[in-house]
Amino acid sequence: MNLYYPAFLELVNQENKDDALLYVLDLLKEKKIELYDLYDFFLKPVLNEFECSSLDEEICIWKEHVRTSIVRTILESTYPYLIEIKKSVVKNGKKVMVVCPSEEFHEVGAIIVTNYFSLAGFDAQYIGANTPKNDIISAVKALKPDYLALSVTNYYNLVVTKQITEQVKGQFPNVKVIVGGSAFKKPGALDHLVYDYHLTHKDDIFKLGGKH
Ligand code: B12
C-alpha cells in the first residue's frame, strides 16, 4: 500500500471530492507520487476495494456512483501530467482502439488502460463505454487500428464480447484482438473466445509496446 493512500481513502470515504483532488494534485506536484502510482495505488483500489454491507444495498449503487465521480474528476484533472510524460515517449507506430462492449458501463479501467497504451508508445484512442457491436465494427473500419482492446468488467458481457471478437476477426483478420478487465478472472472466461492477447497488468502493455 502506498504511504499516502490511507489519507486519500479517508477523504474519499467522506465523499470529499474537492480535498481528495487537491490532495493527489499536491502529491503529484511535490513529486511524492508518479502518475502510475496514482492509477495503480490510489484510483484502482479506492474503487475495487469499495465494500458495501448487504444491509446497505439500497445505498450501495449511488455511493458507487459518487465514488466513481470523484475518481473521474481526478482522472481528467491529472490528464496534463499524462500529456507531459507523453512528450518523452518514443512512439512505436502502432494504433490501438480501446472500447467497452454494449451494456458494459464500467469504464474507469478502460480509460486508465488507454493512458497506459499511450505511455507505452501506442497511438491509443478510447472509444467509450456501452458501445454497440456495429459501432465497434464501424470504428475498426474507419480507424484501421493494429489492435482492438476490449475492456470487460461484468462477466455477463462475455457473450457479446465473443460475438464482437468473432466478427472483428472474420472481417479484419489483421487486427489483433486484446482482451482485459475483471470479467476474465471468472474461470473459463477465455474458453472459446477468439483473441490474440489477454493482458492484465501495465507491464504486459509495455512489453507489447516494445518497452520492457
Ligand atoms: C465503479 C463500479 C460501478 C460504476 C461504474 C461507473 C463507470 N463509469 O465506470 C457503476 C455504479 C455505474 C456500476 C454499475 C454496475 N455494477 Co459495478 N462496480 C464498480 C466497482 C466498484 C469498481 C469498478 C472499477 O471501475 N474499478 C477500477 C478500475 C481501475 O479497475 P478495473 O476495472 O479492474 O481495471 C483494471 C484492470 O482490470 C485492467 N483492465 C481493465 N480493462 C482492461 C482492458 C484491457 C485491454 C487490459 C489490457 C486491461 C484492462 O486494467 C485496469 C487498470 O489497472 C466494481 C467493484 C470491483 N471489485 O470491481 C463493481 C462491479 C464491477 N459492479 C458490479 C455490478 C453487478 C454492477 C451492476 C450490475 C450493479 C447494479 N445492480 O446496477 C451495474 C452494471 C452496469 C453495467 N451495465 O455495466 C459487479 C460485477 C459482477 C459481475 N457480474 O461481473 C462488481 C464486481 C461489484 C460486485 N462485487 O458485485 N458499477
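As the structure lists them, so they are numbered: ligands from 1, and atoms in each ligand from 1.
Of the heavy atoms in T68, only side-chain atoms (C-beta onward) come closer than 4.0 Å to ligand 1.
Remark: S182 OG to N48 CG distance equals 6.5 Å, nearest 0.5 Å. With rounding to the nearest 0.5 Å, the separation of OH in Y81 from CG in L28 is 5.0 Å. Here K91 contributes atom NZ and K94 contributes atom NZ; the two are 13.5 Å apart, rounded to the nearest 0.5 Å. Here L47 contributes atom CG and H106 contributes atom NE2; the two are 9.5 Å apart, rounded to the nearest 0.5 Å.
For A183, the heavy-atom gap to ligand 1 stays at 4.0 angstrom or more. Within the structure, the closest approach of Y155 to ligand 1 falls below 4.0 Å when heavy atoms are considered.
Counting only heavy atoms, the protein never gets under 4.0 Å from atom 87 (C) of ligand 1. Atom 90 (O) of ligand 1 is never approached by the protein to below 4.0 angstrom, counting heavy atoms only. For atom 70 (C) of ligand 1, a protein heavy-atom neighbour is present inside the 4.0 Å cut-off. Under the 4.0 Å distance rule, the nearest protein heavy atom to atom 17 (Co) of ligand 1 falls inside the cut-off. Within the 4.0 Å cut-off (strictly below), a protein heavy atom is located near atom 43 (C) of ligand 1. Shown here, atom 1 (C) of ligand 1 is in close reach of the protein: a heavy atom of it lies under 4.0 Å off.
Between S151 and ligand 1, an N or O atom pair is found at a separation short of 3.5 Å. Where the criterion is an N or O separation shorter than 3.5 Å, residue side chain and backbone included, D40 fails it with respect to ligand 1. For ligand 1, none of its N or O atoms has an N or O atom of Y156 under 3.5 Å away.
Counting only residues at least two apart or in different chains, salt bridge (Lys or Arg N to Asp or Glu O under 4.0 Å) contacts with residues 6-28 comprise E15-K63. For residues 77-90, every residue pair satisfying the salt bridge (Lys or Arg N to Asp or Glu O under 4.0 Å) rule, not counting sequence neighbours, is listed here: E84-K87. Sorted by first and then second residue, the pairs that involve residues 144-173 and meet salt bridge (Lys or Arg N to Asp or Glu O under 4.0 Å), not counting sequence neighbours, are K162-E166, K169-D196.
Heavy-atom proximity to atom 57 (N) of ligand 1, evaluated over L43, N48, L199, is greatest for N48.
A distance of 6.0 Å or more separates the ring centres of F184 and Y155. Residues F122 and Y147 bring their aromatic ring centres within 6.0 Å. Between F8 and F42, the distance separating the two ring centers is shorter than 6.0 angstrom.
Looking at atom 72 (O) of ligand 1, its nearest protein heavy atom turns out to be I61 CD1, 3.9 Å. Nearest to atom 21 (C) of ligand 1 among the protein's heavy atoms is L47 O, 3.4 Å. Of the protein's non-hydrogen atoms, G109 CA, 3.4 Å is the one closest to atom 34 (O) of ligand 1. Of all protein heavy atoms, the one closest to atom 50 (O) of ligand 1 is V113 CG2, 3.4 Å.
Near E107, with a cut-off below 4.0 Å to any heavy atom, the atoms of ligand 1 are 7 (C), 8 (N), 9 (O). Near S182, meaning under 4.0 Å from any of its heavy atoms, are these atoms of ligand 1: 37 (O). Residue-ligand proximity, A149 to ligand 1, at heavy-atom distances under 4.0 Å covers atoms 45 (C). For ligand 1, the atoms lying closer than 4.0 Å to a non-hydrogen atom of E104 are 78 (O).
R67 places a side-chain N or O within 3.5 Å of a backbone atom of V46 that can act as its donor or acceptor partner.
Judged by distance alone, the side chains of N134 and S138 never bring a donor and an acceptor atom under 3.5 Å apart. A side-chain donor-acceptor contact under 3.5 Å links Q167 and K133. For the residue pair E104 / N157, a side-chain donor-acceptor distance below 3.5 Å is found, with atom types taken as modelled.
Evaluated for a side chain to side chain contact (heavy atoms under 4.5 Å, CB included) with L82, the options T114, L75, L119 yield exactly one hit, L119.
Y36 OH: more than 12 foreign heavy atoms inside a 6.0 Å radius.
Inside a sphere of radius 2.8 Å centred on atom 17 (Co) of ligand 1, the protein N/O/S atoms present are H106 NE2.
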